[in-house]
Number of protein chains: 2
Amino acid sequence: MPLDAETALADAPPGHKDELRLWLRLLTCTNLIEAEIRRRLRAEFDTTLPRFDLLAQLERHPGGLTLGEISRRMMVSNGNVTGLAARLEEEGLVERRVSATDRRAQSLRLTAKGRREFARQSAAHEGWVAELLGGLSLAEREALQALLGRAKASVTAGLEESGA
Amino acid sequence: MPLDAETALADAPPGHKDELRLWLRLLTCTNLIEAEIRRRLRAEFDTTLPRFDLLAQLERHPGGLTLGEISRRMMVSNGNVTGLAARLEEEGLVERRVSATDRRAQSLRLTAKGRREFARQSAAHEGWVAELLGGLSLAEREALQALLGRAKASVTAGLEESGA
DNA sequence: GGAAAATAGTTGAAGCCTAAACTATCCGGT
DNA sequence: ACCGGATAGTTTAGGCTTCAACTATTTTCC
């Protein structure tokens with residue numbers, strides 16, 4: 001069961017400012033990059049990050065994905081995917097097809113236009129990220145990648161423990 | 001159970017710049033932690049991260065802050081702060097006062113209830129972060145903090161360059 | 001076969017967020 | 001004193017997001 005606030009506090013001696021500072025810096029870094037990517041997607045392609053992410057999923061799975069699979073991969077609610085898919089379909093970037101074997105399910109795939117659009121966006125996106133993180137040396141990037149892997153493991157372990 | 005973006009990408013396209021992998025991992029880490037914090041704020045205090053963040057700003061400035069100052073500190077639009085402030089005021093956690101010297105400006109400050117509520121939330125929040133990042137050693141946390149500082153510098157340099 | 005449970009997706013209400021247009025007020029230069 | 005530009009906030013339209021309630025279909029199991 002989840003640790004409640006009091007318990008967490010009780011066996012959490014002071015000195016946690018340290019973890020808090022780390023978290024705030026992590027958040028700041030991510031937000032800076034994410035805000036810039038959103039800004040550029042909007043300015044250069046008149047699109048949004050969630051749309052881009054959804055197209056990216058489909059690009060990787062040419063056979064199509066069901067809305068549910070997309071929802072799990074993007075870690076968002078399925079209601080959210082319903083809306084995104086509707087907008088992308090209206091723009092002609094994706095098409096839906098009802099499953100032959102399960103009439104509840106429908107799979108989404110890129111249209112030719114969708115593939116074309118995504119290719120342009122994706123190339124630009126990769127360049128932006130490389131540009132923003134280009135100030136780090138290869139060694140720094142590798143070290144950061146490894147430490148973030150450790151952080152991810154720590155968080156996942158924390159979630160297991162309280163949520164399982 | 002949900003796949004995260006990074007894992008979902010792992011089976012994907014060849015020819016990936018390692019900056020992109022680094023960015024995806026950074027994003028995954030942040031999102032995991034942020035989602036958990038949002039979930040707990042909601043479950044335990046029936047509040048949201050933006051509300052919590054706004055209260056945190058006010059806590060740090062007992063003399064009060066104008067909406068514009070809050071907007072800049074939180075790095076969000078001023079229209080956004082208008083709405084947040086209205087909701088917090090309605091809950092009785094903050095109060096507004098029109099500036100004596102500038103009739104356009106109004107400053108926000110915590111009410112007694114707001115201070116009490118925030119104290120509880122803040123203590124729990126600090127514990128959650130410590131718990132989630134507790135799997136890292138002190139040395140790892142320090143190294144990560146430093147590398148994220150480098151990353152932040154790289155990003156802001158990139159923004160200067162393209163924005164100036 | 002048929003009831004019950006699980007699964008796929010949609011909808012609605014509410015909050016968060018932005019950009020852009022708008023109102024009200026202040027300030028600086030002439 | 002006044003006009004024009006800056007500044008403080010609000011409003012509006014639209015997109016993103018969640019949760020919870022809902023429909024439709026499939027699966028499980030007796």
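Per chain, numbering begins at 1; letters A, B, ... match sequence-line order.
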Asker: Who are the side-chain contact (heavy atoms from CB on, under 4.5 Å) partners of A:A124, not counting sequence neighbours?
Answerer: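 Scan of A:A124 (side-chain contact (heavy atoms from CB on, under 4.5 Å), adjacent residues dropped) gives A:F45, A:W128.
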Asker: Who passes side-chain hydrogen bond (donor to acceptor under 3.5 Å, both in side chains) against B:R97, sequence neighbours left out?
Answerer: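 Checked B:R97 against side-chain hydrogen bond (donor to acceptor under 3.5 Å, both in side chains); zero matches.
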Asker: State the OG1-CD1 distance between B:T48 and B:I37, to the nearest 0.5 angstrom.
Answerer: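 Reported to 0.5 Å precision, the distance equals 13.0 Å.
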Asker: Taking only residues two or more places apart in sequence or in another chain, which ones pass side-chain contact (heavy atoms from CB on, under 4.5 Å) with B:A85?
Answerer: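 With neighbours one apart ignored, the set is B:L67, B:R96, B:L108.
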Asker: With a 4.0 angstrom cut-off to heavy atoms of chain B, pull out the first and last contacting nucleotide of DNA chain C, in 5'-to-3' order.
Answerer: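 The protein-touched segment is C:dG15 to C:dC26.
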Asker: Using a heavy-atom cut-off of 4.0 Å across all strands, would you classify B:T66 as base, sugar-phosphate, or nothing?
Answerer: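 The residue B:T66 makes sugar-phosphate contact but no base contact.
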Asker: To the nearest angstrom, how far is A:L67 atom CG from D:dT25 atom P?
Answerer: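 So the two atoms are 16 Å apart, to the nearest Å.
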Asker: Restricting to side-chain hydrogen bond (donor to acceptor under 3.5 Å, both in side chains), what partner residues turn up for A:E91, sequence neighbours left out?
Answerer: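 For A:E91, the residues satisfying side-chain hydrogen bond (donor to acceptor under 3.5 Å, both in side chains) (neighbours in sequence not counted) are A:R51.
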Asker: Where along nucleotides 11-24 of chain D does protein come under 4.0 Å, by heavy atom, of base (B) or sugar-phosphate alone (S), with - for untouched nucleotides?
Answerer: B---SSSBS----B
Asker: Going by side-chain contact (heavy atoms from CB on, under 4.5 Å), name the residues that satisfy it together with B:D102, two or more places apart in sequence or in a different chain.
Answerer: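 Testing B:D102 for side-chain contact (heavy atoms from CB on, under 4.5 Å), a comparison that skips the adjacent residues, returns B:S99, B:R104, B:A105.
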Asker: I need the CZ-C1' distance between A:R103 and D:dT25, as an integer number of Å.
Answerer: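 To the nearest whole Å, that distance equals 7 Å.
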Asker: Can you sort out the partners of B:S137 under side-chain contact (heavy atoms from CB on, under 4.5 Å), two or more places apart, ordered by chain and number?
Answerer: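 Per chain and number, B:S137 pairs via side-chain contact (heavy atoms from CB on, under 4.5 Å) with B:A139, B:E140.
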Asker: For residues 71-81 of chain B, run the donor-acceptor check on the side chains, cut-off 3.5 Å, and write out each pair with its distance to 0.1 Å, sequence neighbours left out.
Answerer:
residue	atom	partner	partner atom	Å
B:S71	OG	B:V76	O	2.9
B:R73	NH1	B:H61	NE2	3.3
B:S77	OG	B:N80	N	3.2

